[in-house]
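What follows is a single structure, written as structure tokens, with notes after it.
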Amino acid sequence: MAREAYLVPVVEAQVATLKKKTAVTTSWISIDAKGQSVILDVDKYAIMRRVQVHARDLRILDPMLSYPSTILGREKVIVLNLEHIKAIITAEEVLLRDPYDDNVIPIVAELKRRLPQDNLTCQDQGEEEEEHPSARNDMDTEEENEFPFEFRALEVALEAICSFLDARTRELEIDAYPALDELTSKISSRNLDRVRKLKSAMTRLTNRVQKVRDELEQLLDDDDDMTDLYLSRKLAGACSPVSSFSVPSWYPPSPTIGSKISRTSRASAVTVEEDNDVEELEMLLEAYFMQIDSTLNKLTTLREYIDDTEDYINIQLDNHRNQLIQLELFVSSGTVCLSIYSLVAAIFGMNIPYTWKEGHEYMFKWVVILTGLLCTSTFTSIVSYARHKGLIGS
């Protein structure tokens with residue numbers, strides 16, 4: 001009994017250790033429009049209540065599940081899954097998963113640096129407005145053209161993922177081209193294994209880049225999907241006097257939201273068609289689409305170079321194979337000739353009493369000569385037939 005009581009805590013400890021290993025991190029970081037950040041250690045249900053997102057959309061950001069790169073526009077959020085960048089963007093904050101990851105730390109710093117820029121500019125313009133009231137109309141125009149908060153956050157994410165994939169591509173090019181050149185100069189097992197690993201890495205990286213490119217291309221081809229990404233516009237439309245809806249209760253009060261609402265309300269009051277204008281976002285996506293497409297072109301060029309190297313290696317191997325076939329043919333022809341000599345020697349070496357063996361010693365030299373001519377003609381015939389069929393070179 002004592003032994004059993006001793007084993008139970010050990011088993012429980014092992015189970016606890018296993019749970020810790022398989023547990024998924026629930027660390028998030030919240031960055032608002034002022035660049036202030038807060039670490040959140042909450043579960044997915046708290047995140048769902050905080051940003052009003054469905055569980056199926058939050059499942060896309062689960063690192064334990066394999067989902068392709070995705071940019072989803074929902075009613076109040078943008079769900080972003082780009083490689084290691086797993087974020088939820090609202091009209092006033094960014095929730096980024098795994099903030100302590102080595103690849104995510106630079107993105108957090110970049111968001112803190114770039115998100116509050118326009119806010120500071122607006123404050124400076126407010127001070128200038130008090131000093132120079134005549135500049136009010138110009139500032140109103142600039143405010144209407146201000147880049148929305150969600151697009152600034154989206155731009156940081158797209159820039160980070162495009163730069164990350166481009167850096168991985170450059171590293172692969174630096175390793176691949178010298179390895180391929182070395183393989184063409186010397187074919188060895190070590191060089192072949194090295195190129196095989198590089199080709200596998202290139203295939204995986206190409207698939208990752210292709211998924212990001214396809215997602216951006218899909219967004220650019222659908223204006224409705226791009227319209228769904230205008231969170232500030234939808235929020236302002238819901239809060240404007242034209243609409244009968246009010247601000248959702250799950251949005252905390254923020255002075256930046258109020259300014260965005262007033263600006264977008266003035267813009268929506270001019271014409272309804274501006275609500276469907278996605279030129280601003282289209283230009284943003286087009287810029288990073290061109291960048292990721294350039295990265296994909298680099299990988300395509302590298303794949304073509306690898307294919308050309310494989311063709312060159314196959315030609316060299318075929319040449320060596322033909323040389324071995326030629327050598328084998330010569331050896332086989334020589335073996336046939338020696339077999340003829342052996343046959344003649346065996347006939348004359350048999351210890352059988354025949355009358356034609358006596359008094360005909362002078363025939364030995366003629367037998368040797370005729371046998372040599374027969375062997376030579378046989379060898380020549382075999383080589384000529386092989387050349388005629390293309391088995392050996394001329």
Side-chain angles (χ1 to χ4, degrees), residues 66 68-69 83 161-218 288-342 372-394:
S66 178
S69 297
E83 294 288 327
I161 192 61
C162 291
S163 302
F164 175 79
L165 294 176
D166 187 67
R168 300 291 83 75
T169 301
R170 289 197 301 269
E171 292 176 0
L172 185 62
E173 287 179 332
I174 293 174
D175 295 334
Y177 284 113
L180 293 171
D181 294 337
E182 185 178 356
L183 180 62
T184 55
S185 60
K186 181 182 179 182
I187 302 176
S188 62
S189 300
R190 175 179 173 274
N191 292 336
L192 287 173
D193 184 68
R194 182 183 177 189
V195 172
R196 179 188 61 81
K197 293 179 180 178
L198 290 173
K199 186 177 180 180
S200 300
M202 184 206 65
T203 302
R204 292 191 298 269
L205 183 58
T206 302
N207 293 334
R208 294 162 60 186
V209 173
Q210 186 68 49
K211 290 177 182 178
V212 177
R213 181 189 179 277
D214 292 343
E215 182 63 25
L216 293 178
E217 185 178 15
Q218 183 179 356
Y288 291 102
F289 175 79
M290 297 298 295
Q291 184 175 348
I292 200 69
D293 188 65
S294 175
T295 303
L296 185 61
N297 289 336
K298 292 180 182 178
L299 293 171
T300 303
T301 303
L302 180 58
R303 176 180 290 277
E304 292 176 353
Y305 193 82
I306 292 177
D307 293 338
D308 293 340
T309 303
E310 289 180 348
D311 295 338
Y312 178 75
I313 297 301
N314 290 331
I315 292 173
Q316 283 188 332
L317 294 177
D318 291 340
N319 185 33
H320 293 324
R321 191 179 298 110
N322 291 335
Q323 291 177 357
L324 292 176
I325 292 174
Q326 184 176 0
L327 177 61
E328 183 182 2
L329 182 60
F330 288 154
V331 172
S332 300
S333 301
T335 303
V336 171
C337 296
L338 291 177
S339 299
I340 295 174
Y341 268 106
S342 300
L373 292 176
L374 179 61
C375 294
T376 303
S377 61
T378 302
F379 181 79
T380 305
S381 301
I382 294 174
V383 173
S384 300
Y385 177 79
R387 288 177 179 175
H388 177 70
K389 293 296 183 179
L391 298 177
I392 61 175
S394 57

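A quick note: this is a predicted structure, and the numbers were derived from the prediction, not measured.
- The salt bridge (Lys or Arg N to Asp or Glu O under 4.0 Å) check on R208 picks up E83, with sequence neighbours excluded.
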Take S163 and Q291 through the test side chain to side chain contact (heavy atoms under 4.5 Å, CB included) and record every step on the way to the result. CA-CA 9 Å; S163 302; Q291 184 175 348; 4.1 Å; yes
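- The distance from atom OG of S69 to atom CD of Q210, rounded to the nearest 0.5 Å, is 11.0 Å.
- The list of salt bridge (Lys or Arg N to Asp or Glu O under 4.0 Å) pairs with a residue in residues 193-203, not counting sequence neighbours, reads E182-R194, D193-R196, D193-K197, K199-E310.
- For N207, the side chain to side chain contact (heavy atoms under 4.5 Å, CB included) test picks out T203, with sequence neighbours left out.
- For the atom pair R190 CZ and L192 CG, the distance stands at 11.5 Å (nearest 0.5 Å).
- For the atom pair Y312 OH and L180 CG, the distance stands at 13.0 Å (nearest 0.5 Å).
- E171 meets the side chain to side chain donor-acceptor pair (under 3.5 Å) test with R168; sequence neighbours excluded.
- Every residue two or more places apart in sequence or in another chain that forms a side chain to side chain donor-acceptor pair (under 3.5 Å) with S188 is listed here: N191.
- Contact detail for L198 and A179: the closest heavy-atom pair is CD1-CB, 3.6 Å.
- Of all non-hydrogen atoms in V195 and L183, the two that sit nearest each other are CG2-CD2, 3.7 Å.
- Residue pairs meeting the ring-ring contact (aromatic ring centres under 6.0 Å, His included) criterion with at least one member in residues 184-212, sequence neighbours excluded, do not occur.
- Screening residues 294-309 for salt bridge (Lys or Arg N to Asp or Glu O under 4.0 Å) gives D166-K298 as the qualifying pairs, with residues at least two apart or on separate chains.
- Residues V212 and L296 have side chains not in contact (no heavy-atom distance under 4.5 Å, counting atoms from C-beta outward).
- Partners of T335 by side chain to side chain contact (heavy atoms under 4.5 Å, CB included), not counting sequence neighbours, listed by chain and number: V331, S339.
- Applying the salt bridge (Lys or Arg N to Asp or Glu O under 4.0 Å) test to every pair with at least one member in residues 319-341, sequence neighbours left out, gives these pairs: D318-R321.
- Rounding to the nearest 0.5 Å places CD1 of I315 at 6.5 Å from CG of D311.
- The shortest side-chain heavy-atom distance between M202 and T206 falls under the 4.5 Å cut-off.
- Scanning for side chain to side chain donor-acceptor pair (under 3.5 Å) contacts around Q323 gives an empty result, with sequence neighbours left out.
- For the pair S294 (side chain) and M290 (backbone), a donor-acceptor distance under 3.5 Å is absent.
- To the nearest 0.5 Å, atom CG of residue L205 and atom CG of residue L172 are 6.5 Å apart.
- Among the candidates N297, L216, D214, the single residue satisfying the side-chain contact (heavy atoms from CB on, under 4.5 Å) test with I292 is L216.
- Listed by chain and residue number, H84 satisfy the ring-ring contact (aromatic ring centres under 6.0 Å, His included) test with F164 (two or more places apart in sequence, or in another chain).
- Take Y305 and apply the ring-ring contact (aromatic ring centres under 6.0 Å, His included) test, not counting sequence neighbours, and it matches Y177.
- The distance from the NE2 atom of H320 to the CD1 atom of I187 is 5.5 Å, given to the nearest 0.5 Å.
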